[in-house]
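For reference, the structure discussed in these notes is given below.
Numbers here are sequence positions counted from 1.
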Amino acid sequence: MTGPGPFAEKLLAAVRDRTGIAPLSDEQELDEPTALEVQDAVVQARIDGGARLVGAKLGLTSRAKQVQMKVDRPLYGWLTDDMQIDTGQTVVCGDYIQPRVEPEIAFLLGRDLEGPHITASHVLAATEACFGALDVLDSRYAGYRFTFNDVVADNASSAGFILGGTAIDPYGIDLRLTGCVLEKNGELAHTAAGASVMGHPAAAVAWLVRTLAARGKGLEAGHVVMAGGMTEAVAVAPGDTVVARFDRLGSLEVAFR
Ligand code: OOG
Ligand code: MG
């Protein structure tokens with residue numbers, strides 16, 4: 001078995017040291033196939049360390065996120081069980097380099113999903129439940145400065161994720177219209193609707209399935225899929241509280257210390 005390679009090693013060291021690094025592409029050319037290999041290596045390193053793959057996340061699926069991060073197309077990464085944060089649990093900022101949070105709609109799959117022709121309706125039909133969720137991001141690149149390939153290599157800035165306490169049957173709900181109000185420390189930060197994510201959050205998941213199919217991969221029953229930030233992400237520090245209020249999907253409140 002080959003090791004994670006020098007690129008992956010740098011990203012893994014950043015996690016261990018909780019210190020941001022320069023973008024990989026600053027030092028050497030990083031193409032997309034290599035970035036995907038690095039992503040696989042950093043995820044494999046977590047699995048080798050005892051973590052379990054529990055799903056996937058989409059990133060940069062909304063205009064708000066693409067503008068904030070100056071990256072103009074979507075990407076994906078993988079979620080492992082050591083990233084799960086329970087609803088009501090306090091998040092320790094010191095566990096991260098530079099945490100940010102963003103509201104998302106998450107899907108819990110009841111059936112496997114794979115293939116080159118999957119659409120949003122297939123995703124909805126395969127969904128066991130939808131949740132309002134918060135993505136806890138942590139770029140391994142200092143100041144969140146990265147190119148598309150850098151952030152692919154960094155597993156889409158994955159660090160933590162929180163599913164809300166309300167599981168909703170996706171039948172009979174139009175997720176395009178699901179509003180979200182994001183508050184930080186009692187003040188309105190951002191607002192969005194589900195349609196901000198590639199027109200429909202399930203369409204974003206379908207895009208992921210088709211993209212994975214081209215690489216011989218798919219999603220499995222029991223996987224959680226985060227559809228991508230609906231609004232800009234907000235930086236968090238000890239003492240902050242973030243509340244995400246979703247129409248029909250309930251609210252999440254997270255305290256940071
Ligand atoms: C990249 C991760 C993107 C999303 O939902 O857009 C992401 C970043 O913003 O650091 O998780
Ligand atoms: Mg996200």
Side-chain angles (χ1 to χ4, degrees), residues 55-77 79 99-109 113 118-124 127 129-139 144 146 148 151-152 156-164 166-184 187-211 219 224-236 242-254:
K57 65 173 273 183
L58 285 130
L60 308 169
T61 47
S62 67
R63 193 82 195 110
K65 281 290 313 212
Q66 292 183 355
V67 168
Q68 182 183 31
M69 307 319 295
K70 302 182 182 65
V71 173
D72 62 4
R73 61 189 176 113
L75 49 78
Y76 66 88
L79 302 174
R100 289 183 177 178
V101 295
E102 58 195 13
E104 306 204 5
I105 292 173
F107 296 77
L108 173 65
L109 300 183
L113 261 181
I118 293 293
T119 63
S121 40
H122 295 113
V123 171
L124 291 168
T127 297
C130 289
F131 296 86
L134 281 171
D135 188 3
V136 181
L137 297 169
D138 197 27
S139 179
Y144 283 76
F146 48 63
F148 177 83
V151 65
V152 168
S157 309
S158 304
F161 65 97
I162 310 166
L163 300 186
T166 311
I168 293 290
D169 184 334
Y171 282 90
I173 172 168
D174 187 344
L175 291 172
R176 293 174 301 183
L177 303 183
T178 302
C180 175
V181 174
L182 186 72
E183 297 165 5
K184 180 175 154 184
E187 287 190 19
L188 179 64
H190 299 291
T191 59
S196 66
V197 172
M198 290 174 84
H200 193 308
V205 178
W207 173 86
L208 171 62
V209 176
R210 295 193 299 269
T211 303
L219 300 173
V224 169
V225 187
M226 303 274 290
M230 298 165 72
T231 71
E232 267 180 50
V234 295
V236 283
V242 171
V243 180
R245 300 181 199 282
F246 293 87
D247 184 32
R248 316 249 333 238
L249 303 184
S251 293
L252 286 84
E253 177 164 351
V254 189

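K184 is linked by a side-chain hydrogen bond (donor to acceptor under 3.5 Å, both in side chains) to nothing, counting only residues two or more places apart in sequence or in another chain. Take Q66 and apply the side-chain hydrogen bond (donor to acceptor under 3.5 Å, both in side chains) test, not counting sequence neighbours, and it matches no residue. Evaluation of the side-chain hydrogen bond (donor to acceptor under 3.5 Å, both in side chains) rule for E104 yields no partner, not counting sequence neighbours. Applying the side-chain hydrogen bond (donor to acceptor under 3.5 Å, both in side chains) rule to S121 yields the partners T119; only residues at least two apart in sequence or on another chain are considered.
A salt bridge (Lys or Arg N to Asp or Glu O under 4.0 Å) check over residues 62-71, counting only residues at least two apart or in different chains, returns the pairs K65-E102.
When side chains are defined from C-beta on, L58 does not count as touching L75, because their heavy atoms never get closer than 4.5 Å. Proximity of S62 to T231: side-chain heavy atoms (C-beta onward) are nowhere separated by under 4.5 Å. Between R248 and T178 there is no side-chain heavy-atom pair separated by less than 4.5 Å. You'll find the side chain of L252 reaches within 4.5 Å of the side chain of F246, heavy atoms only. The shortest side-chain heavy-atom distance between K57 and S158 falls under the 4.5 Å cut-off. Counting heavy atoms from C-beta outward, V197 and I105 have side chains that stay 4.5 Å or more apart. You'll find the side chain of W207 reaches within 4.5 Å of the side chain of M198, heavy atoms only. With contacts defined as side-chain heavy-atom distances shorter than 4.5 Å, the pair F161/L79 qualifies.
Among all heavy-atom pairs drawn from A159 and V136, the shortest one is CB-O, 3.4 Å. Looking at every heavy atom in both residues, A133 comes nearest to L163 through CB-CD2, 3.9 Å. For the pair C130 and L175, the tightest heavy-atom approach, listed with the atom from each and the gap, is SG-CD1, 3.9 Å. When every heavy atom of G250 is checked against every heavy atom of T166, the shortest pair comes out as CA-OG1, 3.9 Å. Of all non-hydrogen atoms in F146 and V71, the two that sit nearest each other are CE1-CG2, 4.2 Å. Shortest non-hydrogen contact noted between D247 and L177 is OD2-O, 4.4 Å.
Remark: the backbone N or O of S157 is not paired with any side-chain donor or acceptor of S139 at under 3.5 angstrom. For the pair R100 (side chain) and D138 (backbone), a donor-acceptor distance under 3.5 Å is absent. Distance alone, capped at 3.5 Å, places no donor-acceptor pair between the S196 side chain and the A192 backbone. Here the side chain of T61 pairs a donor or acceptor atom with the backbone of A227 at under 3.5 angstrom.
Counted within 6.0 Å of CZ on R210, heavy atoms from surrounding residues, nucleotides or ligands total more than 12; the atom is thus considered enclosed.
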TODO: Kindly determine whether V209 and L219 satisfy side-chain contact (heavy atoms from CB on, under 4.5 Å), including the steps that lead there.
DONE: CA-CA 7 Å; V209 176; L219 300 173; 3.7 Å; yes
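Considering CZ of F148 and CG of D72, their distance stands at 9.0 Å, rounded to 0.5 Å. Annotation: the span from L108 atom CG to F131 atom CZ amounts to 5.5 Å, rounded to 0.5 Å. Considering CE of M230 and CG of D135, their distance stands at 13.0 Å, rounded to 0.5 Å. To the nearest 0.5 Å, atoms CD (E232) and CG (L182) are separated by 10.5 Å. Note that CD1 of I118 is 5.5 Å distant from CG of L113, once rounded to the nearest 0.5 Å. Atom-to-atom distance recorded for L208:CG and M226:CE is 13.0 Å, nearest 0.5 angstrom.
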Could you give the side-chain donor-acceptor pairs of residues 167-174 under 3.5 Å, partners two or more places apart or in another chain?
residue, atom, partner, partner atom, Å
D169, OD1, Y171, N, 2.9
D174, OD1, R176, N, 3.1
D174, OD1, R176, NE, 3.0
D174, OD2, R176, NE, 3.4
D174, OD2, R176, NH2, 2.8

